[in-house]
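Below is one structure, written out as structure tokens, with a few remarks after it.
Atom set for the values below is all heavy atoms of this structure, side chains included, hydrogens, waters and symmetry mates excluded. Numbers restart at 1 for each chain; the letters A, B, ... are given by sequence-line order, proteins then strands. Quick caveat: nothing in here was measured; it's all calculated off a predicted structure.
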Protein chains: 2
Amino acid sequence: MGGFQRMTEQRRLILEVLRSTNCHPTADWIYERVREKLPSISLGTVYRNLRSLVDMGEILQLSYGSGQDRYDGNAEEHYHFRCSKCGSVTDVDMPYQTQLDKRAADACCGTIKGHRLEFVGLCYDCQ
Amino acid sequence: MGGFQRMTEQRRLILEVLRSTNCHPTADWIYERVREKLPSISLGTVYRNLRSLVDMGEILQLSYGSGQDRYDGNAEEHYHFRCSKCGSVTDVDMPYQTQLDKRAADACCGTIKGHRLEFVGLCYDCQ
DNA sequence: GTATATGCAAACGGTTTGCTCACAT
DNA sequence: ATGTGAGCAAACCGTTTGCATATAC
């Protein structure tokens with residue numbers, strides 16, 4: 001985490017929350033969690049730090065339509081499964097399919113840097 | 001297009017615009033186009049009709065972070081290439097990879113109904 | 001000491017919605 | 001005639017930002 005100029009209590013706690021969960025939380029969820037330990041933190045600070053972390057490549061930001069973005073403390077290339085009913089997001093234990101990029105390179109209109117793959121369906125709780 | 005209760009001029013024009021382009025436009029872009037032929041149409045009407053079309057499965061809604069959603073007049077399963085610089089979205093001429101769903105089924109925590117795959121890189125104009 | 005980060009609250013921007021009126025059926 | 005859909009404008013909601021203050025270095 002050398003990317004930051006200063007390591008504040010807020011920053012430390014936000015990272016701690018993100019790194020210690022695998023539930024791909026929303027900014028608001030993170031805010032509530034951090035607030036348990038640092039009640040004075042503001043939502044703006046959470047957003048600012050999340051943005052920095054995304055820019056630094058330390059975390060992933062997952063955007064879906066209609067609703068809040070989600071954040072993933074694991075910035076490694078990996079895939080997600082999203083429940084179309086409850087919106088929960090979980091990791092899929094499946095290696096990165098590099099051949100997809102090669103496959104698409106011919107059928108595409110630009111230089112491919114990578115891909116984003118997400119599976120959609122119903123989670124155990126919702127089915 | 002039998003899903004609608006009434007076929008209005010607005011609805012007809014929105015569909016016409018969407019079906020006659022492959023540029024995956026934003027709601028606002030569609031609004032401007034339709035307005036050339038029907039200046040009195042409102043943006044709310046465009047959004048309402050787009051939503052109906054998505055619900056009816058006639059078009060696709062593409063959501064990315066920070067910014068407007070895009071709409072795709074082609075509702076068939078297919079993949080997209082998105083330029084990380086200018087945000088343009090184009091189709092990728094590559095068959096649907098059904099084996100990905102099978103592959104993920106074992107590594108997943110629910111019932112998979114399908115997947116969404118998008119390639120990211122730089123388009124010809126931006127590279 | 002100094003510049004970066006925070007808290008607060010207002011602004012922002014895309015999208016949705018309540019209300020009244022128009023018009024497709 | 002009837003009730004769905006349109007136009008308008010305000011509301012919504014997640015996110016960003018301006019400003020004054022606090023604080024890590």
What is the distance from [atom1] of [X] to [atom2] of [N], rounded to the nearest Å?
X     : N      : atom1 : atom2 : answer
A:D55 : D:dT16 : CG    : C1'   : 13 Å
B:D69 : D:dG14 : CG    : P     : 15 Å
A:Y47 : D:dC13 : OH    : C1'   : 9 Å
B:R11 : D:dG7  : CZ    : P     : 11 Å
B:R70 : C:dG14 : CZ    : P     : 12 Å
A:Q68 : C:dG14 : CD    : P     : 19 Å

Below 4.5 Å, heavy atoms only, C-beta onward: do B:R103 and A:Q97 meet side chain to side chain?
-> yes
4.5 Å side-chain heavy-atom contact, A:L60 and A:H78 | yes
Has B:Q10 got a side-chain N or O lying under 4.0 Å from the OP1 or OP2 atom of C:dC23?
-> no
Counting just side-chain N and O atoms, does B:R51 come under 4.0 Å of either OP1 or OP2 of C:dT17?
-> yes
Could you please name the option among D:dG14, C:dA5, C:dC19 that lies closest to any side-chain atom of B:R48?
-> C:dC19
Sequence neighbours left out, what passes side-chain hydrogen bond (donor to acceptor under 3.5 Å, both in side chains) with [X]? Give chain and number order.
X      : value
B:S84  : A:K113
B:S42  : B:T45
A:E118 : A:R82, A:R116

How is A:N49 classified with respect to the nucleic acid when contacts are heavy atoms under 4.0 Å: base, sugar-phosphate, or nothing?
-> sugar-phosphate
Which pairs would a plain distance check flag for residues 8-15 of chain B, meaning a side-chain donor or acceptor within less than 3.5 Å of a matching protein atom at least two apart in sequence or in another chain?
| residue | atom | partner | partner atom | Å |
| --- | --- | --- | --- | --- |
| B:T8 | OG1 | B:R11 | N | 3.2 |
| B:E9 | OE1 | B:R12 | NH2 | 3.3 |
| B:E9 | OE2 | B:R12 | NH2 | 3.1 |
| B:R11 | NE | B:N49 | OD1 | 2.5 |
| B:R11 | NH1 | B:R6 | O | 2.9 |
| B:R11 | NH2 | B:N49 | OD1 | 3.2 |
| B:R12 | NH1 | B:E16 | OE1 | 3.0 |

Residues passing the salt bridge (charged side-chain N to carboxylate O under 4.0 Å, His left out) test with B:R33, sequence neighbours excluded, are B:E36
Does anything in residues 35-45 of chain B reach DNA chain D, meaning a heavy atom under 4.0 Å, and if so which residues?
-> B:S40, B:I41, B:S42, B:T45
So which residues get pulled into B:L100's cluster when ILVMFWY side chains under 4.5 Å apart are joined, directly or through others?
-> A:Y79, A:F81, A:V92, A:M94, A:Y96, A:L100, A:I112, A:L117, A:F119, B:Y79, B:F81, B:V92, B:M94, B:Y96, B:I112, B:L117, B:F119
Would you tabulate the side-chain donor-acceptor contacts of residues 24-31 of chain B under 3.5 Å, counting partners in other chains and residues two or more places apart, or write 'none'?
| residue | atom | partner | partner atom | Å |
| --- | --- | --- | --- | --- |
| B:H24 | ND1 | B:N22 | O | 3.0 |
| B:H24 | ND1 | B:V89 | O | 3.1 |
| B:H24 | NE2 | B:D72 | OD2 | 3.2 |
| B:H24 | NE2 | B:H80 | NE2 | 3.3 |
| B:H24 | NE2 | B:D91 | OD1 | 2.8 |
| B:T26 | OG1 | B:W29 | N | 3.2 |

Going 5' to 3' through nucleotides 20-25 of chain D and flagging B where a protein heavy-atom sits under 4.0 Å of the base, S where only the sugar-phosphate is that close, and - otherwise, we get ---BBS
